[in-house]
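What follows is one structure encoded as C-alpha coordinates, with my remarks underneath.
For ligands, and for the atoms within them, numbers begin at 1 and follow the listed sequence.
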Amino acid sequence: MDHFDTIVIGAGVAGLTAARLLSNAGLRVVVLEARDRVGGRVSTERRFGLATDLGASWIHGITDEPLADAVAAFGMRTAEFTVGGYQPDSRPIAYYGPDGTRLSDADTRRFTDDIHTVDATLRDVVAASDPLDSYRDVTEVALAAQGWDDERAERVREYLEHRSEEQYGVWIDDLAAHGLDDDAIDGDEVVFPDGYDRLPSRLADGLDVRLTQVVSRVQWSESGVIVSTDRGTLAADAVVVTVPVGVLQSDDFAIEPPLPEPVAGALGRLKMNAFEKVFLRFPTKFWDDGVYAIRQQGPEGRWWHSWYDLTSLHDTPTLLTFAAGPAAEASRDWSEQEIVASVLTQLRRLYGSRVERPTHVHVTDWQDDPFAHGSYAYMTVGSTTADHDDLATPVGGVLHIAGEATWTEDPATVPAAMRSGHRAAERILRRAVPIEQVWSAP
Ligand SMILES: Cc1cc2nc3c(=O)[nH]c(=O)nc-3n(C[C@H](O)[C@H](O)[C@H](O)COP(=O)(O)OP(=O)(O)OC[C@H]3O[C@@H](n4cnc5c(N)ncnc54)[C@H](O)[C@@H]3O)c2cc1C
(Lines give C-alpha, C1' and ligand atoms only; values in the text may rest on other atoms or scores of the structure.)
Protein backbone atom coordinates (compact mmCIF):
# COMPACT_ATOMS: atom_id res chain seq x y z
CA MET A 1 0.00 0.00 0.00
CA ASP A 2 1.36 3.44 -0.98
CA HIS A 3 2.17 5.56 2.07
CA PHE A 4 2.20 9.37 2.09
CA ASP A 5 2.84 12.04 4.66
CA THR A 6 -0.58 13.56 3.90
CA ILE A 7 -3.53 12.60 1.72
CA VAL A 8 -5.74 15.50 0.69
CA ILE A 9 -9.27 14.55 -0.38
CA GLY A 10 -10.72 17.00 -2.89
CA ALA A 11 -8.97 19.25 -5.40
CA GLY A 12 -11.07 22.35 -4.77
CA VAL A 13 -9.51 25.55 -3.50
CA ALA A 14 -9.30 24.29 0.11
CA GLY A 15 -7.60 21.04 -0.80
CA LEU A 16 -5.21 22.55 -3.31
CA THR A 17 -4.23 25.30 -0.86
CA ALA A 18 -3.44 22.76 1.86
CA ALA A 19 -1.59 20.48 -0.55
CA ARG A 20 0.52 23.32 -1.91
CA LEU A 21 1.64 24.51 1.50
CA LEU A 22 2.39 20.99 2.69
CA SER A 23 4.36 20.13 -0.41
CA ASN A 24 6.22 23.45 -0.23
CA ALA A 25 7.26 22.33 3.26
CA GLY A 26 8.75 19.14 1.80
CA LEU A 27 6.00 16.67 2.70
CA ARG A 28 4.96 13.85 0.37
CA VAL A 29 1.38 14.76 -0.50
CA VAL A 30 -1.22 13.29 -2.84
CA VAL A 31 -4.55 14.90 -3.75
CA LEU A 32 -7.43 12.53 -4.56
CA GLU A 33 -10.20 14.07 -6.64
CA ALA A 34 -13.45 12.42 -7.77
CA ARG A 35 -14.02 14.62 -10.82
CA ASP A 36 -12.01 14.68 -14.04
CA ARG A 37 -10.89 18.24 -13.30
CA VAL A 38 -9.59 20.34 -10.43
CA GLY A 39 -11.47 23.30 -8.94
CA GLY A 40 -14.57 21.68 -7.43
CA ARG A 41 -17.17 24.41 -7.03
CA VAL A 42 -14.94 26.80 -8.98
CA SER A 43 -15.84 25.65 -12.47
CA THR A 44 -15.64 27.50 -15.78
CA GLU A 45 -17.09 26.34 -19.06
CA ARG A 46 -16.08 27.71 -22.44
CA ARG A 47 -18.55 25.89 -24.70
CA PHE A 48 -19.53 29.02 -26.63
CA GLY A 49 -16.08 30.53 -26.72
CA LEU A 50 -16.76 32.70 -23.68
CA ALA A 51 -15.77 31.93 -20.10
CA THR A 52 -18.89 31.19 -18.02
CA ASP A 53 -18.37 30.61 -14.30
CA LEU A 54 -20.88 27.96 -13.29
CA GLY A 55 -19.79 27.91 -9.65
CA ALA A 56 -18.19 30.85 -7.87
CA SER A 57 -17.96 34.15 -9.80
CA TRP A 58 -17.14 36.87 -7.33
CA ILE A 59 -14.54 37.87 -4.81
CA HIS A 60 -16.93 39.62 -2.44
CA GLY A 61 -14.58 42.45 -1.47
CA ILE A 62 -10.91 42.68 -2.33
CA THR A 63 -9.74 44.86 0.59
CA ASP A 64 -7.37 42.95 2.90
CA GLU A 65 -8.26 39.75 1.08
CA PRO A 66 -5.44 37.22 0.56
CA LEU A 67 -7.35 35.66 -2.31
CA ALA A 68 -7.17 38.98 -4.16
CA ASP A 69 -3.39 38.93 -3.68
CA ALA A 70 -3.29 35.37 -5.02
CA VAL A 71 -5.22 36.17 -8.19
CA ALA A 72 -3.05 39.24 -8.77
CA ALA A 73 0.10 37.13 -8.32
CA PHE A 74 -1.30 34.58 -10.81
CA GLY A 75 -1.94 37.39 -13.33
CA MET A 76 -5.70 36.76 -13.49
CA ARG A 77 -7.69 39.55 -15.15
CA THR A 78 -10.53 40.93 -13.00
CA ALA A 79 -13.51 43.20 -13.65
CA GLU A 80 -15.17 45.32 -10.97
CA PHE A 81 -18.77 44.17 -10.34
CA THR A 82 -19.81 45.32 -6.89
CA VAL A 83 -23.32 43.92 -6.79
CA GLY A 84 -22.68 40.31 -5.76
CA GLY A 85 -23.69 40.60 -2.10
CA TYR A 86 -27.34 41.42 -2.75
CA GLN A 87 -26.64 45.00 -1.76
CA PRO A 88 -29.58 47.37 -2.32
CA ASP A 89 -27.60 50.26 -3.76
CA SER A 90 -23.85 49.62 -3.94
CA ARG A 91 -24.02 50.45 -7.64
CA PRO A 92 -26.86 51.64 -9.94
CA ILE A 93 -29.75 49.15 -10.02
CA ALA A 94 -33.00 49.48 -12.02
CA TYR A 95 -35.86 48.68 -9.64
CA TYR A 96 -39.26 47.80 -11.05
CA GLY A 97 -42.33 48.10 -8.84
CA PRO A 98 -44.94 45.36 -8.37
CA ASP A 99 -46.88 46.73 -11.38
CA GLY A 100 -43.85 46.32 -13.66
CA THR A 101 -43.00 50.02 -14.07
CA ARG A 102 -39.56 51.35 -13.23
CA LEU A 103 -39.24 53.22 -9.94
CA SER A 104 -38.14 56.85 -10.12
CA ASP A 105 -34.78 57.73 -8.57
CA ALA A 106 -36.59 59.27 -5.58
CA ASP A 107 -38.73 56.15 -5.02
CA THR A 108 -35.67 53.94 -5.37
CA ARG A 109 -33.87 56.02 -2.76
CA ARG A 110 -36.83 55.81 -0.37
CA PHE A 111 -36.90 52.03 -0.74
CA THR A 112 -33.15 51.53 -0.29
CA ASP A 113 -33.14 53.92 2.68
CA ASP A 114 -35.82 51.72 4.26
CA ILE A 115 -33.58 48.67 3.82
CA HIS A 116 -30.67 50.45 5.51
CA THR A 117 -32.97 51.50 8.35
CA VAL A 118 -34.11 47.93 8.96
CA ASP A 119 -30.54 46.66 8.72
CA ALA A 120 -29.43 49.11 11.39
CA THR A 121 -32.17 47.78 13.72
CA LEU A 122 -31.46 44.19 12.71
CA ARG A 123 -27.88 44.19 14.00
CA ASP A 124 -29.03 44.56 17.62
CA VAL A 125 -32.00 42.23 17.17
CA VAL A 126 -29.74 39.46 15.84
CA ALA A 127 -27.26 40.02 18.67
CA ALA A 128 -30.09 39.60 21.21
CA SER A 129 -31.76 36.69 19.42
CA ASP A 130 -32.71 33.33 20.91
CA PRO A 131 -30.65 30.28 19.78
CA LEU A 132 -33.73 28.87 18.03
CA ASP A 133 -34.66 32.05 16.17
CA SER A 134 -34.67 32.04 12.38
CA TYR A 135 -33.64 34.88 10.10
CA ARG A 136 -37.39 35.37 9.53
CA ASP A 137 -37.95 35.85 13.27
CA VAL A 138 -35.31 38.55 13.62
CA THR A 139 -36.25 40.39 10.44
CA GLU A 140 -39.91 40.49 11.57
CA VAL A 141 -38.87 42.07 14.88
CA ALA A 142 -36.75 44.65 13.04
CA LEU A 143 -39.58 45.41 10.61
CA ALA A 144 -42.21 45.73 13.34
CA ALA A 145 -40.00 48.24 15.18
CA GLN A 146 -40.35 50.67 12.25
CA GLY A 147 -44.15 51.09 12.56
CA TRP A 148 -44.59 51.29 8.77
CA ASP A 149 -47.79 50.65 6.83
CA ASP A 150 -48.26 47.20 5.27
CA GLU A 151 -47.17 48.09 1.75
CA ARG A 152 -43.95 49.77 2.84
CA ALA A 153 -43.06 46.92 5.20
CA GLU A 154 -43.93 44.29 2.58
CA ARG A 155 -41.46 45.68 0.03
CA VAL A 156 -38.63 45.40 2.57
CA ARG A 157 -39.86 42.02 3.81
CA GLU A 158 -39.67 40.52 0.34
CA TYR A 159 -36.22 42.07 -0.11
CA LEU A 160 -35.06 40.30 3.07
CA GLU A 161 -36.54 37.02 1.82
CA HIS A 162 -34.63 37.41 -1.44
CA ARG A 163 -31.44 38.23 0.45
CA SER A 164 -31.66 34.92 2.32
CA GLU A 165 -32.29 33.11 -0.97
CA GLU A 166 -29.58 34.82 -3.02
CA GLN A 167 -26.92 34.83 -0.33
CA TYR A 168 -27.54 31.38 1.10
CA GLY A 169 -29.89 29.59 -1.29
CA VAL A 170 -32.44 29.00 1.45
CA TRP A 171 -35.92 30.17 2.41
CA ILE A 172 -35.82 32.80 5.17
CA ASP A 173 -37.67 30.59 7.71
CA ASP A 174 -35.00 27.88 7.41
CA LEU A 175 -31.92 30.07 7.96
CA ALA A 176 -30.58 30.67 11.48
CA ALA A 177 -30.89 34.20 12.86
CA HIS A 178 -27.10 34.48 12.70
CA GLY A 179 -26.95 32.92 9.22
CA LEU A 180 -26.04 36.18 7.52
CA ASP A 181 -23.68 37.57 10.17
CA ASP A 182 -20.76 37.32 7.75
CA ASP A 183 -22.60 39.32 5.10
CA ALA A 184 -20.14 42.23 4.85
CA ILE A 185 -18.31 43.38 1.73
CA ASP A 186 -14.93 45.09 2.21
CA GLY A 187 -14.02 47.10 -0.87
CA ASP A 188 -14.94 46.43 -4.47
CA GLU A 189 -16.15 43.07 -5.66
CA VAL A 190 -14.59 41.57 -8.77
CA VAL A 191 -15.35 38.81 -11.27
CA PHE A 192 -13.14 37.02 -13.80
CA PRO A 193 -13.66 37.63 -17.53
CA ASP A 194 -11.23 34.80 -18.39
CA GLY A 195 -12.75 32.40 -15.85
CA TYR A 196 -12.28 31.76 -12.12
CA ASP A 197 -10.91 28.28 -12.87
CA ARG A 198 -7.49 29.75 -13.57
CA LEU A 199 -7.09 29.96 -9.81
CA PRO A 200 -7.38 26.21 -9.07
CA SER A 201 -5.34 25.42 -12.20
CA ARG A 202 -2.50 27.54 -10.88
CA LEU A 203 -2.84 26.14 -7.37
CA ALA A 204 -2.65 22.58 -8.74
CA ASP A 205 0.47 23.28 -10.76
CA GLY A 206 3.21 20.81 -9.82
CA LEU A 207 1.12 18.86 -7.29
CA ASP A 208 0.44 15.12 -7.39
CA VAL A 209 -3.29 15.36 -8.15
CA ARG A 210 -5.04 12.10 -9.04
CA LEU A 211 -8.31 12.72 -10.87
CA THR A 212 -11.37 10.44 -11.13
CA GLN A 213 -10.59 8.80 -7.79
CA VAL A 214 -13.75 8.63 -5.72
CA VAL A 215 -13.01 8.26 -2.02
CA SER A 216 -15.57 6.14 -0.20
CA ARG A 217 -13.96 5.53 3.20
CA VAL A 218 -11.53 7.17 5.61
CA GLN A 219 -10.35 5.05 8.53
CA TRP A 220 -8.45 6.92 11.19
CA SER A 221 -6.58 6.09 14.37
CA GLU A 222 -3.99 8.05 16.30
CA SER A 223 -1.26 6.33 14.30
CA GLY A 224 -2.52 7.41 10.88
CA VAL A 225 -5.18 7.03 8.20
CA ILE A 226 -6.23 4.60 5.49
CA VAL A 227 -8.19 6.02 2.58
CA SER A 228 -10.19 3.78 0.24
CA THR A 229 -11.12 4.81 -3.28
CA ASP A 230 -12.67 3.04 -6.26
CA ARG A 231 -9.09 2.48 -7.45
CA GLY A 232 -7.49 1.09 -4.28
CA THR A 233 -6.25 1.96 -0.83
CA LEU A 234 -3.65 4.48 0.32
CA ALA A 235 -2.17 5.19 3.75
CA ALA A 236 -0.81 8.37 5.33
CA ASP A 237 0.20 9.98 8.59
CA ALA A 238 -2.59 12.56 8.18
CA VAL A 239 -5.55 13.38 5.97
CA VAL A 240 -7.18 16.67 4.98
CA VAL A 241 -10.82 16.08 4.07
CA THR A 242 -12.25 18.91 1.96
CA VAL A 243 -15.34 17.31 0.44
CA PRO A 244 -18.48 19.47 0.77
CA VAL A 245 -20.80 19.10 3.77
CA GLY A 246 -23.31 17.30 1.53
CA VAL A 247 -20.75 14.58 0.75
CA LEU A 248 -19.65 14.32 4.38
CA GLN A 249 -23.28 13.73 5.36
CA SER A 250 -23.96 11.17 2.64
CA ASP A 251 -23.82 7.39 2.94
CA ASP A 252 -21.31 7.31 0.09
CA PHE A 253 -18.55 8.74 2.28
CA ALA A 254 -17.77 6.83 5.48
CA ILE A 255 -15.50 8.01 8.26
CA GLU A 256 -14.51 5.28 10.74
CA PRO A 257 -14.66 5.49 13.65
CA PRO A 258 -17.45 8.09 13.32
CA LEU A 259 -16.61 11.74 13.84
CA PRO A 260 -16.58 12.69 17.55
CA GLU A 261 -17.99 15.86 19.13
CA PRO A 262 -17.89 18.76 18.55
CA VAL A 263 -17.36 17.86 14.88
CA ALA A 264 -20.38 15.56 14.46
CA GLY A 265 -22.82 18.02 16.06
CA ALA A 266 -21.56 20.91 13.96
CA LEU A 267 -21.86 18.82 10.79
CA GLY A 268 -25.45 17.93 11.67
CA ARG A 269 -26.46 21.59 11.97
CA LEU A 270 -25.09 22.68 8.59
CA LYS A 271 -26.90 21.87 5.36
CA MET A 272 -26.25 22.19 1.64
CA ASN A 273 -28.50 24.71 -0.10
CA ALA A 274 -30.43 24.95 -3.36
CA PHE A 275 -28.90 27.64 -5.56
CA GLU A 276 -28.58 27.52 -9.35
CA LYS A 277 -27.36 29.96 -11.96
CA VAL A 278 -29.19 30.78 -15.18
CA PHE A 279 -27.09 32.51 -17.86
CA LEU A 280 -28.84 34.03 -20.86
CA ARG A 281 -26.90 35.44 -23.81
CA PHE A 282 -28.96 37.56 -26.25
CA PRO A 283 -28.42 38.92 -29.79
CA THR A 284 -29.00 42.50 -28.59
CA LYS A 285 -29.22 44.31 -25.27
CA PHE A 286 -32.86 45.23 -24.62
CA TRP A 287 -32.61 46.25 -20.96
CA ASP A 288 -31.71 49.44 -19.10
CA ASP A 289 -28.39 51.11 -19.76
CA GLY A 290 -26.02 52.17 -17.02
CA VAL A 291 -27.15 49.67 -14.38
CA TYR A 292 -25.42 46.69 -12.84
CA ALA A 293 -28.66 44.84 -12.14
CA ILE A 294 -32.42 44.86 -12.64
CA ARG A 295 -34.77 44.00 -9.81
CA GLN A 296 -38.48 43.22 -9.78
CA GLN A 297 -40.50 43.94 -6.64
CA GLY A 298 -43.80 42.38 -5.60
CA PRO A 299 -45.42 38.95 -5.95
CA GLU A 300 -44.38 38.67 -9.62
CA GLY A 301 -40.77 38.59 -8.43
CA ARG A 302 -41.32 35.61 -6.14
CA TRP A 303 -38.92 33.44 -8.19
CA TRP A 304 -37.19 35.62 -10.79
CA HIS A 305 -36.49 39.01 -9.30
CA SER A 306 -32.87 39.94 -10.00
CA TRP A 307 -30.89 39.96 -13.21
CA TYR A 308 -27.21 40.86 -13.33
CA ASP A 309 -25.86 42.53 -16.46
CA LEU A 310 -22.65 40.75 -17.45
CA THR A 311 -22.51 42.39 -20.90
CA SER A 312 -19.31 44.31 -20.25
CA LEU A 313 -17.33 41.15 -19.41
CA HIS A 314 -17.22 39.90 -23.00
CA ASP A 315 -19.00 42.66 -24.88
CA THR A 316 -21.90 40.22 -25.40
CA PRO A 317 -25.42 41.01 -24.10
CA THR A 318 -25.69 38.68 -21.11
CA LEU A 319 -27.94 38.42 -18.07
CA LEU A 320 -27.37 36.18 -15.07
CA THR A 321 -30.21 35.30 -12.73
CA PHE A 322 -30.50 32.76 -9.92
CA ALA A 323 -32.96 30.06 -8.99
CA ALA A 324 -32.43 30.27 -5.26
CA GLY A 325 -34.03 28.46 -2.34
CA PRO A 326 -37.66 27.44 -3.04
CA ALA A 327 -37.36 28.36 -6.74
CA ALA A 328 -34.35 26.06 -7.15
CA GLU A 329 -36.08 23.23 -5.30
CA ALA A 330 -39.31 23.55 -7.26
CA SER A 331 -37.57 23.78 -10.65
CA ARG A 332 -35.02 21.06 -9.86
CA ASP A 333 -36.55 18.62 -12.35
CA TRP A 334 -37.47 21.18 -14.98
CA SER A 335 -35.80 21.07 -18.36
CA GLU A 336 -33.52 23.91 -19.40
CA GLN A 337 -36.22 25.09 -21.85
CA GLU A 338 -38.86 25.25 -19.11
CA ILE A 339 -36.62 27.32 -16.87
CA VAL A 340 -35.64 29.70 -19.66
CA ALA A 341 -39.29 30.11 -20.71
CA SER A 342 -40.24 30.97 -17.13
CA VAL A 343 -37.46 33.57 -16.85
CA LEU A 344 -38.37 35.10 -20.24
CA THR A 345 -42.04 35.41 -19.24
CA GLN A 346 -40.95 37.49 -16.29
CA LEU A 347 -38.55 39.62 -18.37
CA ARG A 348 -41.35 40.29 -20.88
CA ARG A 349 -43.44 41.86 -18.11
CA LEU A 350 -40.70 44.48 -17.87
CA TYR A 351 -39.47 44.81 -21.46
CA GLY A 352 -42.34 43.47 -23.59
CA SER A 353 -41.61 42.37 -27.13
CA ARG A 354 -38.07 43.74 -26.96
CA VAL A 355 -37.12 40.50 -25.18
CA GLU A 356 -35.55 38.23 -27.79
CA ARG A 357 -34.88 34.53 -27.68
CA PRO A 358 -31.47 33.95 -26.12
CA THR A 359 -28.77 32.60 -28.40
CA HIS A 360 -27.06 30.66 -25.62
CA VAL A 361 -28.23 29.56 -22.20
CA HIS A 362 -26.69 27.70 -19.35
CA VAL A 363 -28.55 26.41 -16.30
CA THR A 364 -26.55 24.76 -13.53
CA ASP A 365 -27.51 21.70 -11.51
CA TRP A 366 -25.44 21.72 -8.34
CA GLN A 367 -28.24 20.09 -6.34
CA ASP A 368 -27.85 16.85 -8.28
CA ASP A 369 -24.06 16.94 -8.42
CA PRO A 370 -22.93 13.85 -6.45
CA PHE A 371 -19.68 15.54 -5.46
CA ALA A 372 -21.36 18.69 -4.11
CA HIS A 373 -25.07 17.99 -3.24
CA GLY A 374 -25.77 21.73 -3.52
CA SER A 375 -23.86 24.95 -3.91
CA TYR A 376 -22.67 25.69 -0.37
CA ALA A 377 -23.68 25.12 3.24
CA TYR A 378 -25.96 27.31 5.34
CA MET A 379 -26.66 27.47 9.07
CA THR A 380 -29.92 25.71 9.88
CA VAL A 381 -32.09 27.06 12.69
CA GLY A 382 -30.44 26.01 15.96
CA SER A 383 -26.87 26.25 14.69
CA THR A 384 -24.33 28.76 15.92
CA THR A 385 -21.60 30.57 14.02
CA ALA A 386 -19.06 28.51 15.99
CA ASP A 387 -20.27 25.39 14.18
CA HIS A 388 -18.07 26.35 11.24
CA ASP A 389 -14.84 26.33 13.22
CA ASP A 390 -15.97 23.34 15.31
CA LEU A 391 -16.33 21.31 12.12
CA ALA A 392 -12.59 21.78 11.60
CA THR A 393 -11.58 20.54 15.06
CA PRO A 394 -8.69 18.09 14.44
CA VAL A 395 -9.71 14.47 15.05
CA GLY A 396 -7.23 12.12 16.70
CA GLY A 397 -4.43 14.46 15.69
CA VAL A 398 -4.60 12.98 12.16
CA LEU A 399 -7.89 13.95 10.50
CA HIS A 400 -8.43 17.57 9.49
CA ILE A 401 -11.65 18.78 7.88
CA ALA A 402 -11.30 21.88 5.72
CA GLY A 403 -13.44 23.64 3.10
CA GLU A 404 -15.77 26.60 2.82
CA ALA A 405 -18.12 25.39 5.57
CA THR A 406 -15.32 25.27 8.16
CA TRP A 407 -14.47 28.96 8.18
CA THR A 408 -16.54 31.13 10.51
CA GLU A 409 -15.61 34.57 9.27
CA ASP A 410 -16.81 34.30 5.68
CA PRO A 411 -18.18 30.80 5.03
CA ALA A 412 -19.62 29.68 1.71
CA THR A 413 -16.92 31.44 -0.26
CA VAL A 414 -13.65 30.82 -2.09
CA PRO A 415 -11.70 32.97 0.41
CA ALA A 416 -13.07 30.73 3.20
CA ALA A 417 -11.96 27.63 1.29
CA MET A 418 -8.45 29.05 0.84
CA ARG A 419 -8.07 30.10 4.48
CA SER A 420 -9.37 26.78 5.76
CA GLY A 421 -6.82 24.93 3.63
CA HIS A 422 -4.11 27.20 5.01
CA ARG A 423 -5.24 26.47 8.59
CA ALA A 424 -5.24 22.69 7.99
CA ALA A 425 -1.69 22.87 6.61
CA GLU A 426 -0.51 24.90 9.61
CA ARG A 427 -2.05 22.36 11.98
CA ILE A 428 -0.30 19.47 10.25
CA LEU A 429 3.02 21.32 10.13
CA ARG A 430 2.51 22.50 13.74
CA ARG A 431 3.80 25.96 12.90
CA ALA A 432 2.63 29.21 11.39
CA VAL A 433 3.03 29.53 7.63
CA PRO A 434 2.56 32.88 5.87
CA ILE A 435 -0.49 32.58 3.60
CA GLU A 436 1.55 34.28 0.85
CA GLN A 437 3.32 30.95 0.40
CA VAL A 438 0.18 29.74 -1.36
CA TRP A 439 1.10 31.85 -4.37
CA SER A 440 4.82 32.42 -3.84
CA ALA A 441 6.77 29.38 -2.70
CA PRO A 442 9.31 30.10 0.07
C1 LIG B 1 -23.39 28.34 -8.04
C2 LIG B 1 -22.33 28.77 -7.06
C3 LIG B 1 -22.04 30.12 -6.91
C4 LIG B 1 -21.06 30.52 -6.00
N5 LIG B 1 -20.71 31.83 -5.96
C6 LIG B 1 -19.64 32.20 -5.22
C7 LIG B 1 -19.08 33.50 -5.37
O8 LIG B 1 -19.51 34.29 -6.20
N9 LIG B 1 -18.01 33.82 -4.57
C10 LIG B 1 -17.47 32.94 -3.69
O11 LIG B 1 -16.49 33.29 -3.01
N12 LIG B 1 -17.96 31.69 -3.56
C13 LIG B 1 -19.01 31.29 -4.32
N14 LIG B 1 -19.46 30.01 -4.27
C15 LIG B 1 -18.91 29.10 -3.25
C16 LIG B 1 -17.52 28.60 -3.63
O17 LIG B 1 -17.55 28.09 -4.94
C18 LIG B 1 -17.13 27.52 -2.64
O19 LIG B 1 -17.26 28.03 -1.32
C20 LIG B 1 -15.69 27.03 -2.80
O21 LIG B 1 -15.33 26.88 -4.14
C22 LIG B 1 -15.57 25.73 -2.03
O23 LIG B 1 -14.25 25.23 -2.12
P24 LIG B 1 -13.90 23.91 -1.31
O25 LIG B 1 -12.50 23.56 -1.65
O26 LIG B 1 -14.29 24.07 0.09
O27 LIG B 1 -14.90 22.80 -1.88
P28 LIG B 1 -15.01 22.18 -3.39
O29 LIG B 1 -14.63 23.20 -4.39
O30 LIG B 1 -16.33 21.57 -3.46
O31 LIG B 1 -13.88 21.08 -3.35
C32 LIG B 1 -14.11 19.79 -2.83
C33 LIG B 1 -13.65 18.78 -3.84
O34 LIG B 1 -13.90 17.46 -3.32
C35 LIG B 1 -14.27 16.65 -4.42
N36 LIG B 1 -14.98 15.47 -3.92
C37 LIG B 1 -16.26 15.39 -3.50
N38 LIG B 1 -16.54 14.14 -3.13
C39 LIG B 1 -15.41 13.41 -3.30
C40 LIG B 1 -15.08 12.04 -3.10
N41 LIG B 1 -15.96 11.17 -2.63
N42 LIG B 1 -13.81 11.64 -3.39
C43 LIG B 1 -12.90 12.52 -3.88
N44 LIG B 1 -13.17 13.82 -4.11
C45 LIG B 1 -14.41 14.26 -3.81
C46 LIG B 1 -15.14 17.55 -5.26
O47 LIG B 1 -15.24 17.07 -6.58
C48 LIG B 1 -14.38 18.87 -5.18
O49 LIG B 1 -13.46 19.02 -6.22
C50 LIG B 1 -20.41 29.57 -5.20
C51 LIG B 1 -20.69 28.22 -5.36
C52 LIG B 1 -21.63 27.82 -6.29
C53 LIG B 1 -21.85 26.35 -6.51
- prompt: Which of the atoms of ligand 1 are close to G40, meaning less than 4.0 Å from one of its heavy atoms?
  reply: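 Selected atoms, number and element: 29 (O), 48 (C), 49 (O).
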
Structural part of [X] in contact with ligand 1, heavy atom criterion under 4.0 angstrom:
X    : answer
Y376 : side chain
H60  : side chain
A412 : backbone
F371 : both
L54  : backbone
V414 : both
P244 : side chain

Closest non-hydrogen protein atom to [atom], residue and atom name please, with distance?
atom                    : result
atom 25 (O) of ligand 1 : A14 N, 3.0 Å
atom 42 (N) of ligand 1 : V215 N, 2.9 Å
atom 23 (O) of ligand 1 : A417 CB, 3.4 Å

Using heavy-atom distances only, which candidate in [options] approaches [atom] most closely?
atom                    : options                : value
atom 36 (N) of ligand 1 : V243, V227, L199, T229 : V243
atom 14 (N) of ligand 1 : P200, A402, A34, A56   : A56
atom 31 (O) of ligand 1 : G421, A11, G12, S57    : G12

field: Any side-chain donor near an acceptor of the partner, D53 and T44, under 3.5 Å
entry: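 Their side chains do contain a donor-acceptor pair, which is all the 3.5 Å distance test asks for.
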
N or O contact, K277 vs ligand 1, cut-off under 3.5 Å: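 Looking only at distances, the answer is no, because the N/O contact criterion of under 3.5 Å is not met.
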
Lys/Arg cation over aromatic Y95: R155, 6.0 Å, 45° cone: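 Output no; distance or angle outside limits.
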
task: Establish, yes or no, whether the cationic atom of R28 lies under 6.0 Å from the six-membered ring centre of F4 and within 45° of the ring axis.
output: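 Relative to the ring axis of F4, which defines the angle, R28 lies inside both limits.
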
message: Taking a cutoff of less than 4.0 Å between a non-hydrogen atom of the residue and any ligand atom, is P415 in contact with ligand 1?
response: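 Yes.
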
- request: Report the residues that fulfil ring pair (Phe, Tyr, Trp, His ring centres under 6.0 Å) with W220, sequence neighbours left out, ordered by chain and then residue number.
  value: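 Listed in chain order: nothing, the list is empty.
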
field: Residue pairs involving residues 319-350 (criterion ring pair (Phe, Tyr, Trp, His ring centres under 6.0 Å); sequence neighbours excluded)
entry: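 Residue pairs with at least one partner in residues 319-350: F275-F322, W303-W334, Y308-F322.
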
